[in-house]
Amino acid sequence: MKRCWLVKTEPSSYSWEQFNTDGKVDWTGVRNFQARNHLREMQKGDEVLFYHSVVGKEVVGIATVSKTAFPDPTVDESVKGDWVCVELRPKKALKRGVTLAEIKADAALKEMLLVRHSRLSVIPLAKAEFDRILELAGN
DNA sequence: GCCAACGTTGGC
DNA sequence: GCCAACGTTGGC
């Protein structure tokens with residue numbers, strides 16, 4: 001079954017603009033068990049909201065999973081554990097960014113893990129939450 | 001720039 | 001196995 005996700009990134013390290021320039025990216029560097037488990041559950045074609053943390057604090061676009069979990073090539077001998085990444089491709093920019101403040105203010109979204117668990121970097125979304133964000137964005 | 005929340009590490 | 005210390009993330 002197709003699922004919806006949200007990934008966070010600081011635009012100063014990797015932005016939506018850079019993502020679009022690249023055309024695709026291996027979503028590497030996840031070093032959190034919960035986030036990793038979510039990466040493993042991603043299926044090809046799943047839709048992923050792209051969120052800018054710290055700077056902007058808004059959802060800026062939609063990506064799709066183009067390759068399911070595979071070993072993270074950025075892991076070397078100094079890193080313990082069995083880490084994975086996925087390949088993402090940009091699908092569509094939001095017409096208008098949806099900010100964290102708006103998400104918190106929205107009755108349908110304020111229970112999102114993005115709000116409740118702000119440090120998790122890969123977050124599963126309910127379809128209704130995903131749709132609501134697109135609605136707020138005007139897409 | 002500060003600090004709260006959380007995860008990880010290491011001593012016991 | 002507990003818990004204090006520490007590092008990191010991310011909102012404000």
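These values consider heavy atoms only, across backbone and side chains, with no hydrogens, waters or symmetry-generated copies. None of the values given here were measured: they were computed from a predicted structure.
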* Axial bend angle, the helix from B:dG1-C:dC12 to B:dC12-C:dG1: five-pair end segments, nearest 10° ->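 Comparing the axis at each end, I get an angle of 10°.
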Can you list every pair that meets ring pair (Phe, Tyr, Trp, His ring centres under 6.0 Å) and has a residue in [range], with sequence neighbours left out?
range: residues 81-113 of chain A; result: A:Phe33-A:Trp83
range: residues 110-139 of chain A; result: none
range: residues 6-29 of chain A; result: A:Trp16-A:Phe19, A:Trp16-A:Phe50, A:Phe19-A:Phe50, A:Trp27-A:Phe50

Quick one: which residue pairs count as a salt bridge (charged side-chain N to carboxylate O under 4.0 Å, His left out) with a foot in [range], not counting sequence neighbours?
range: residues 55-66 of chain A; result: none
range: residues 11-24 of chain A; result: A:Lys24-A:Glu87
range: residues 32-41 of chain A; result: A:Arg3-A:Glu41, A:Arg40-A:Asp82
range: residues 106-125 of chain A; result: A:Asp106-A:Arg132

* Other than A:Val55, which residues form its hydrophobic cluster under the rule that side-chain heavy atoms must be closer than 4.5 Å? ->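 Once heavy-atom contacts under 4.5 Å are chained together, A:Val55 belongs with A:Val54.
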* Within residues 100-119 of chain A: residues closer than 4.0 Å to DNA chain C (heavy atoms) ->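 Hits under 4.0 Å, by residue number: A:Leu100, A:Lys104, A:Ser118, A:Arg119.
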* Contact boundaries of DNA chain C with chain A (under 4.0 Å, heavy atoms), 5' to 3'? ->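 Listed 5' to 3', the contact boundaries are C:dG7 to C:dC12.
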* List in chain and number order the residues that pass side-chain contact (heavy atoms from CB on, under 4.5 Å) with A:Asn32, two or more places apart in sequence or in another chain; answer none if no residue qualifies. =>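 Partners of A:Asn32 under the side-chain contact (heavy atoms from CB on, under 4.5 Å) test: A:Gln34, A:Ala35, A:Leu120.
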* Asked: So what does A:Lys57 touch, heavy atoms closer than 4.0 Å: a base, only the sugar-phosphate, or nothing?
  ->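 Base contact - A:Lys57 has a heavy atom under 4.0 Å of at least one base atom.
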* Does the pair A:Asp26/A:Lys67 count as a salt bridge with the N-to-O cut at 4.0 Å? ->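 Not counted as a salt bridge, because no side-chain N and carboxylate O are separated by less than 4.0 Å.
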